[in-house]
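Worksheet: one structure, shown below.
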Amino acid sequence: MVFHVYEDAKSACEAGAVLMAAEILKRDDCVLGLATGSTPIPTYEKLVSMYQAGILDFSNVRSFNLDEYVGIDYANPVSYHAFMNENLFSKVNMKQENIHLPDGCTDEDGARYDKAIREAGGVDIQLLGIGRNGHIGFNEPCDCFPIGTHVVTLTESTIQANARFFSSADEVPRKAISMGIGNIMSARAVLLIATGADKADAVYRTICGPVTPQVPASVLQLHPCCTILLDKAAASKLG
Ligand code: GLP
């Protein structure tokens, strides 16, 4: 695990775009694992600007997103389908058939998603944000590391954190479908970006704490190729 600390959030996020761009340049049909949340927005903006400048071509790039709420209308702007469309897919030349997000509400739907990832040859680089409680994707703190894509019940802390995207906390779906820790650990490279003081504790526990499913991101200590990009605020507890 390596980590880099940047002066500000924009630089950390743009460094993330550089790593993802390198993957696309190495293999034009690479498989990107994508994340939502406010953190990676500048990363997507940078990727879009590199596409617009003619530096990147997404025509053969394939993607698998980490997660989606269960039961949400995908036309709803707060759905992760809509988020990805708004921030990346509608702005680059990816082919619709190469874009995948988890869909459905059962573990069988999750197993189908895992099969599609395997058939694509696995994820080359998995982008991650992090929840304040150390969750990655929607893998919430629990007693074990979930392996494959599965249905999860969101914790109260995540519901409260994500309420800012909805008109109230009551509107936040209580369930989501998420890649498991096994999926994330199977990616050939992992890139976690964390910015802002409210992530400092989760970042500290991810990098310096014991590996435990109570802090799902701590498992990344065991990944052979994990890069963590931080701004100063998120790194403030690292000493
Ligand atoms: C959600 C997503 C995560 C994301 C997290 C942090 O819960 N499922 O993938 O990392 O939020 O989001 P933000 O970047 O907005 O803080």
Side-chain angles (χ1 to χ4, degrees), residues 6 8-10 12-17 20 32-46 63-72 74 76-84 86-88 100-103 110 113 123 125-142 146 149-166 169 171-181 183-185 187 190-203 205-206 215-220 226-231 233-235:
Y6 292 88
D8 53 48
K10 189 163 182 274
C13 292
E14 293 193 351
M20 296 182 77
L32 302 179
L34 299 177
T36 54
S38 45
T39 307
I41 291 176
T43 305
Y44 292 133
E45 283 170 356
K46 187 71 184 171
S63 72
F64 287 86
N65 260 79
L66 276 172
D67 48 13
E68 177 59 284
Y69 293 111
V70 164
I72 200 160
Y74 298 151
N76 185 332
V78 293
S79 75
Y80 289 170
H81 280 73
F83 173 97
M84 288 308 304
E86 158 85 22
N87 289 288
L88 185 69
H100 307 85
L101 285 94
D103 174 37
Y113 195 64
V123 170
I125 186 164
Q126 177 65 57
L127 175 62
L128 298 174
I130 188 169
R132 291 174 206 172
N133 60 4
H135 77 232
I136 45 178
F138 269 131
N139 292 279
E140 298 280 27
C142 67
T149 303
H150 60 295
V151 176
V152 282
T153 301
L154 302 184
T155 62
E156 194 50 35
S157 126
T158 298
I159 291 167
Q160 293 304 330
N162 290 3
R164 68 191 192 280
F165 300 113
F166 294 79
E171 305 278 299
V172 183
R174 268 39 188 174
K175 286 187 184 291
I177 181 163
S178 174
M179 278 191 198
I181 295 295
N183 299 103
I184 292 168
M185 292 297 280
V190 172
L191 163 61
L192 184 145
I193 307 177
T195 57
D198 60 338
K199 301 293 174 66
D201 190 51
V203 165
R205 295 201 290 154
T206 295
V215 184
S218 65
V219 76
L220 298 174
C226 173
T227 305
I228 300 189
L229 303 176
L230 306 168
D231 68 354

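Just so you know, ligand 1 is whichever comes first in the structure, and atom 1 is the first atom listed for that ligand.
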(Q) Counting non-hydrogen protein atoms only, what is the nearest one to atom 5 (C) of ligand 1? Give residue, atom name and distance. (A) H135 NE2, 3.7 Å
Q) Once you round to the nearest 0.5 Å, how far does CG of L101 lie from CG of N65? A) 4.0 Å
Q) Are E140 and L154 close enough that some pair of their side-chain heavy atoms sits under 4.5 Å apart? A) yes
**Q.** E68 (side chain) donor-acceptor with H81 (main chain) under 3.5 angstrom
**A.** yes
Q. Going by the angle between their ring planes, with limits at 30° and 60°, are F83 and Y80 parallel, tilted or perpendicular?
A. perpendicular
Q: Among L230, V203, T39, I130, find the one that has a side chain to side chain contact (heavy atoms under 4.5 Å, CB included) with T195.
A: T39
Q. Are the ring centres of F166 and Y69 closer than 6.0 Å?
A. yes
Q: Please identify which atoms of ligand 1 are closer than 4.0 Å to at least one heavy atom of G129.
A: 10 (O)
Q | Closest protein heavy atom to atom 12 (O) of ligand 1, given as residue, atom name and distance to 0.1 Å | A | G37 CA, 3.8 Å
Q) Is ligand 1 under 4.0 Å from a heavy atom in the side chain of T39, in the backbone, in both, or in neither? A) both
Q) Should one rank S38, G137, A35 by closest heavy-atom distance to atom 9 (O) of ligand 1, which comes out on top? A) G137
**Q.** Any donor-acceptor N or O pair under 3.5 Å, side chains R132, T158
**A.** no
Q.
For ligand 1 and I130, I'd like to know whether there is a polar contact (N/O to N/O, distance under 3.5 Å).
A. yes
**Q.** Nearest non-hydrogen protein atom, atom 4 (C) of ligand 1
**A.** T36 O, 4.0 Å
Q. With a 4.0 Å cut-off on heavy atoms, is K199 touching ligand 1?
A. yes
Q: Could you tell me whether the side chains of Y113 and D103 share a donor-acceptor contact shorter than 3.5 Å?
A: no
Q: Can you sort out which atoms of ligand 1 are near D67, meaning under 4.0 Å from one of its heavy atoms?
A: 2 (C), 8 (N), 9 (O)
Q: Answer yes or no for R164: is there a heavy-atom contact with ligand 1 below 4.0 Å?
A: yes
**Q.** Per-residue contact class, Y80 against ligand 1 - non-hydrogen pairs under 4.0 Å
**A.** side chain
Q: Would you mind telling me if ligand 1 is within reach of the side chain of N162, the backbone, both or neither, using heavy atoms under 4.0 Å?
A: side chain
